[in-house]
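Counting starts at 1 for both ligands and their atoms, following the listed order.
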Amino acid sequence: MKILVLNCGSSSIKFKLFEMPEEILISYGSVEKIGEEISIFKYYGKVKIEEKLKVETHQKGIEFIAKTLVENEIENIEEIKGIGHRVVHGGEGFERSTIIDENVIKKIEEYIFLAPLHNPHNLAGIKACIKIFPKSIQVAAFDTAFHTTISEISYLYAIPYSFYEKYKIRRYGFHGISHRYVARRASEIMGKGKYDINAITCHLGNGCSITAVKNGKSFDTSMGLTPLEGLIMGTRCGDIDPGIILYFLEGLNFKSSEVSEILNKKSGLLGISGVSNDFRNLLPLYNKDKKVTLAIDMFCYRIKKYIGSYMAILGKVDAIVFTGGIGENVPLIREKALSNLEIFGVILDIEKNKEIIGKESEISKEESIVKIFVIPTNEELRIAFDTYQLIINS
Ligand code: AMP
């Protein structure tokens with residue numbers, strides 16, 4: 001069964017076409033810079049296409065993807081039985097992936113206020129696909145769904161309770177599709193049932209978050225109401241004293257848009273190093289440039305701080321997992337974040353760790369009580385799997 005997976009951002013669409021349940025990736029690609037003067041289309045399948053063209057809307061982009069698939073991989077669009085859409089915010093309403101109907105669309109619309117930068121574009125993709133692939137079953141997979149098992153002790157902020165009741169201000173958490181994928185994969189590797197594992201999953205990419213997984217379910221996670229809380233990220237600050245925001249606004253008279261720009265776009269690795277938000281640019285300067293070194297050390301310190309606190313709340317930990325562009329490709333980060341944790345049963349195989357770049361592997365020493373894994377994330381495959389399951393059970 002052919003399943004198409006779509007991830008629609010503000011100006012981009014990423015897609016992957018799978019044969020399920022065999023988990024075969026047939027083709028993949030992206031349309032970038034939608035709505036700009038020149039858009040970029042990339043396609044990798046039976047043919048390789050990299051071309052510049054003008055794509056005004058998500059609808060036009062998806063029409064173009066559909067046309068390319070029919071020209072190269074499939075007889076007609078009806079061969080695509082299901083389309084899985086990544087949706088960033090499912091609020092408290094969605095505990096798992098779900099087949100899209102009018103009610104689901106309405107609810108996703110209602111959650112726009114919680115994710116104004118994401119949900120409208122996810123919806124644009126869904127609405128376009130309903131028109132372009134009228135016979136396919138559409139499925140929404142939510143970044144928040146995995147975290148709906150977190151209890152109120154963790155998801156409430158200690159502000160007046162009425163703000164939760166009235167405005168739904170609480171921790172939601174993100175990257176759930178990735179945390180769930182790597183937690184499930186770790187349990188498979190360890191020969192455990194999927195609800196039989198306690199793990200700490202570190203998704204370190206452009207955005208970074210860390211999740212405490214208890215009995216296969218999300219128990220706590222570092223991102224909050226928005227994806228700004230928690231770990232230090234490329235350009236995002238992660239945890240800060242909220243008093244800093246008040247000082248920006250009242251002491252320094254910044255506008256709220258300026259504060260948002262500082263915390264979301266100018267902070268994190270970029271803000272401290274003054275050089276880049278990308279590890280590929282920072283690593284060559286480690287131990288050479290003072291601020292770059294400080295930024296990387298702070299990044300690892302924050303991860304370690306979360307790992308320690310999640311070990312404390314979980315009690316028993318079977319595995320620590322690293323994923324995402326940084327987690328998969330930067331041994332230095334794994335080494336620094338896990339240093340001196342031997343007393344907690346976490347013993348990294350330093351030489352093995354150095355060798356593992358971008359591939360699945362255990363990187364702990366034999367005697368380590370807590371197993372340590374690098375597991376490349378595959379959110380699209382997870383979405384394809386959910387879509388396939390919902391179709392065969394519908
Ligand atoms: P992601 O959002 O998971 O695609 O991760 C993107 C980030 O991962 C980039 O900003 C880089 O900091 C980092 N990254 C990706 N590939 C590499 C690599 N080969 N070496 C070092 N860092 C990488």
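Side-chain contact check for H179 and T201: at least one donor-acceptor pair (N or O, by modelled atom type) lies under 3.5 Å. Side-chain polar atoms of D239 and Y306 form a donor-acceptor pair below 3.5 angstrom. Neither side chain, T57 nor Q59, offers a donor N or O lying under 3.5 Å from an acceptor on the other.
Contacts classified as side chain to side chain donor-acceptor pair (under 3.5 Å) and involving residues 100-113 (residues at least two apart or in different chains) are given here: E109-K127.
Environment of CD in E75: sparse, with no more than 12 heavy atoms of neighbouring residues, nucleotides or ligands closer than 6.0 Å.
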#### Entry: Chi angles and distances behind the salt bridge (Lys or Arg N to Asp or Glu O under 4.0 Å) call for K336, D297
CA-CA 8 Å; K336 291 190 76 66; D297 287 347; 3.5 Å; yes

What are the polar N/O contacts of ligand 1 with the protein below 3.5 Å, with distances?
from: ligand 1; atom 1: 2 (O); to: N206; atom 2: N; distance (Å): 2.8
from: ligand 1; atom 1: 3 (O); to: G325; atom 2: N; distance (Å): 2.8
from: ligand 1; atom 1: 5 (O); to: N206; atom 2: N; distance (Å): 3.4
from: ligand 1; atom 1: 8 (O); to: I326; atom 2: N; distance (Å): 3.4
from: ligand 1; atom 1: 10 (O); to: N206; atom 2: OD1; distance (Å): 3.3
from: ligand 1; atom 1: 12 (O); to: D278; atom 2: OD1; distance (Å): 3.3
from: ligand 1; atom 1: 12 (O); to: F279; atom 2: N; distance (Å): 2.8
from: ligand 1; atom 1: 16 (N); to: N329; atom 2: ND2; distance (Å): 3.4

